[in-house]
Amino acid sequence: MTNKQDFSKEVLAGYLDHAVLDPSFTRTQLKDNIMIGVDYGCKSVCVNPDAIEIAKDCIQGSHTLLCVVCDFPFGSSHTPSKLAQAQAIIDQGDIFEIDMVANYGKIKGGEYDDVIDEIKQMSQLCHQNHVGLKVIVETDALTQEEIKQAVRCCILGQADFIKTSTGYFKGEHNVGASLEVIDLIMKEAQGKIKVKASGCVRSKERLIDLINLGIDRAGVGCSSTKKILDEAYE
Ligand SMILES: O=C[C@H](O)COP(=O)(O)O
């Protein structure tokens with residue numbers, strides 16, 4: 001357990017993948033929001049495919065990397081669509097990671113072979129192009145047992161990360177990356193896959209708790225970056 005005072009704003013920013021995914025954003029809002037991640041020194045920014053060129057301009061000359069979501073936020077496109085979108089994203093160049101939404105209806109329905117096969121095909125495409133793959137499994141839609149199966153699918157599909165949430169799922173009791181969910185995933189993963197906590201991370205305290213659970217660099221996805229890092233100055 002690291003002492004809470006040991007985290008500078010810069011260190012905390014290194015854990016953040018700053019999410020700029022609101023589909024209602026105008027071009028100006030996209031730029032302004034991406035620049036928050038760049039100016040605060042976040043490890044990466046995470047954008048929709050249509051914002052790639054704006055994001056590339058924003059991160060130029062900085063250390064901030066570019067993540068792009070694929071089949072966001074539902075994950076219910078068929079595999080060839082996901083592969084085609086991933087290829088189109090990769091073709092734009094300078095992509096650090098792709099965050100793909102898994103077909104979590106299939107996880108709930110026990111169609112694990114299909115889920116694994118899709119993740120495997122996406123991993124191969126990404127890795128051939130030196131791009132990392134995170135798989136969003138939308139944990140708020142899953143039971144604890146389904147979350148364990150989702151971890152297994154992501155490991156067998158050779159993804160780099162399993163990621164909890166899109167931030168856009170409308171359930172009755174959304175908790176996103178709660179400490180309980182991350183602990184469950186960590187125990188099931190046993191170090192065989194990295195874990196990205198995303199969704200409902202809204203405070204510096206929660207970020208530090210996640211880091212103390214063993215979250216990796218760039219392993220926290222959140223849209224509340226400014227609020228969290230401003231708290232780090234207080
Ligand atoms: O990482 C991606 C999510 O959209 C972040 O969710 P959030 O808006 O609850 O922080």
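On a predicted model such as this, the values are computed, not experimentally measured, just so you know. Just so you know, ligand 1 is whichever comes first in the structure, and atom 1 is the first atom listed for that ligand.
- Across Asp216, Asp160, Asp99, a single residue satisfies salt bridge (charged side-chain N to carboxylate O under 4.0 Å, His left out) together with Lys134, and that is Asp99.
- The shortest heavy-atom distance from Lys196 to ligand 1 is not under 4.0 Å.
- Heavy-atom contacts from other residues, nucleotides or ligands closer than 6.0 Å to NZ of Lys106 number more than 12.
- Looking only at distances, no side-chain donor or acceptor of Ser77 sits under 3.5 Å from a matching main-chain atom of Lys82.
- For ligand 1, the polar-atom distance check against Ser223 finds a nitrogen or oxygen pair separated by under 3.5 Å.
- Within 6.0 Å of the CG atom in Asp32, the count of heavy atoms belonging to other residues, nucleotides or ligands exceeds 12.
- Listed by number with element, the atoms of ligand 1 under 4.0 angstrom from any heavy atom of Ala19 are 1 (O), 2 (C).
- In terms of modelled atom types and a separation under 3.5 Å, the side chain of Ser123 and the main chain of Gly157 share a donor-acceptor contact.
- Between Cys200 and ligand 1 there is a heavy-atom distance shorter than 4.0 Å.
- With ligand atoms numbered from 1 in the order given, ligand 1 contributes 2 (C), 3 (C), 4 (O) to contacts under 4.0 Å with heavy atoms of Thr166.
- Considering backbone and side-chain N/O of Arg202, one or more are found under 3.5 Å from N/O of ligand 1.
- Here the shortest heavy-atom pairing between Thr139 and Ser165 reads OG1-OG, 3.8 Å.
- A donor-acceptor pair under 3.5 Å is absent between the side-chain atoms of Gln121 and the main chain of Glu118, judged by distance alone.
- Considering backbone and side-chain atoms together, Ser224 places no N or O closer than 3.5 Å to any N or O of ligand 1.
- Not a single heavy atom of Gly176 lies less than 4.0 angstrom from ligand 1.
- Within the listing of ligand 1, atoms 1 (O), 5 (C) sit less than 4.0 angstrom from a heavy atom of Gly221.
- In this structure, Val151 is a member of the same hydrophobic cluster as Ile182, with clusters built from ILVMFWY side-chain heavy atoms closer than 4.5 Å.
- Close approach of ligand 1 to Leu21 (heavy-atom distance below 4.0 Å) involves ligand atoms 2 (C), 4 (O).
- Within the 4.0 Å heavy-atom criterion, neither part of Asp99 lies near ligand 1.
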